[in-house]
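Here the structure is laid out as structure tokens; the discussion comes afterwards.
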Amino acid sequence: NVEPRSVAVFPWHSLVPFLAPSQPD
Amino acid sequence: PPVPSAHLPSHFMKGAIIQLATGELKRVEDLQTQDFVRSAEVSGGLKIDSSTVVDIQESQWPGFVLLHFVVGEQQSKVSIEVPPEHPFFVYGQGWSSCSPGRTAQLFSLPCHRLQVGDVCISISLQSLN
């Protein structure tokens, strides 16, 4: 018997940095 | 400045399953530039920016590097501190890090060496106007 294994799935956007410049007021 | 986190999540591990915005599943090492571009297109609210590496320095924090980018059409300057093994996706080249050897050691992810002039994929919030 093969036990079911959960496989993690990651969203694409977790792989790229969020580079947002700080907005001037 | 805040202390950068030394923890790199397991989604950079070779073999990690990544879900694109289209629903398609791919392994992290198989991703291509077009996968990010297409995902951003179908995602609401996110856009892809071209972020050019303009300088790579040692950080004041041991074990980190300080990366300087110019981001997007506005050419905004953004700096981030990351461990040298942190992979970035470079347009037309693929995964790249400041220390490809450490990236291979820790994640088994094949990488190029990240260099000044490389154009990385980054995301930001889409402008509402």
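Remember, it's a predicted structure, so these values are computed and weren't measured experimentally.
With values rounded to the nearest 0.5 angstrom, B:Ser122 atom OG is found 9.0 Å from A:Phe18 atom CZ. Between atom CE of residue B:Met13 and atom CZ of residue A:Phe10 there is a gap of 9.0 Å, rounded to the nearest 0.5 Å.
In terms of hydrophobic clustering, with Ile, Leu, Val, Met, Phe, Trp and Tyr side chains grouped at heavy-atom distances under 4.5 Å, B:Val28 and B:Leu20 are assigned to a common cluster. B:Leu114 is connected to B:Val116 through a chain of hydrophobic side-chain contacts under 4.5 Å among Ile, Leu, Val, Met, Phe, Trp and Tyr, so both are in one cluster. B:Leu109 is connected to B:Ile18 through a chain of hydrophobic side-chain contacts under 4.5 Å among Ile, Leu, Val, Met, Phe, Trp and Tyr, so both are in one cluster. Under the 4.5 Å side-chain heavy-atom criterion for Ile, Leu, Val, Met, Phe, Trp and Tyr, B:Val90 and B:Val65 are members of the same hydrophobic cluster. In the hydrophobic clustering of this structure, B:Ile56 does not group with B:Val70; members are Ile, Leu, Val, Met, Phe, Trp, Tyr whose side-chain heavy atoms approach within less than 4.5 Å, directly or through other members.
With a 4.5 Å cut-off on side-chain heavy atoms, B:Phe88 and A:Pro17 count as touching. Between A:Pro11 and B:Gln19, every side-chain heavy-atom pair lies at or beyond the 4.5 Å cut-off. Contact of the B:Ser51 side chain with the A:Leu19 side chain is registered, since non-hydrogen atoms from C-beta on lie closer than 4.5 Å. In this structure, A:Leu15 and B:Trp95 have side chains that are in contact, with non-hydrogen atoms separated by less than 4.5 Å.
A:His13 places no side-chain N or O within 3.5 Å of a backbone atom of B:Ile123 that could act as its donor or acceptor partner.
The candidate from B:Asp49, B:Leu25, B:Leu31, B:Val71 with the greatest count of non-hydrogen atom pairs under 4.5 Å with chain A is B:Val71.
Open room surrounds CD on B:Glu58; 12 or fewer heavy atoms of other groups in view lie less than 6.0 Å from it.
Within residues 33-47 of chain B, the residues approaching chain A closer than 4.5 Å by heavy atoms are, in numerical order, B:Phe36, B:Ser39, B:Ala40, B:Ser43, B:Leu46.
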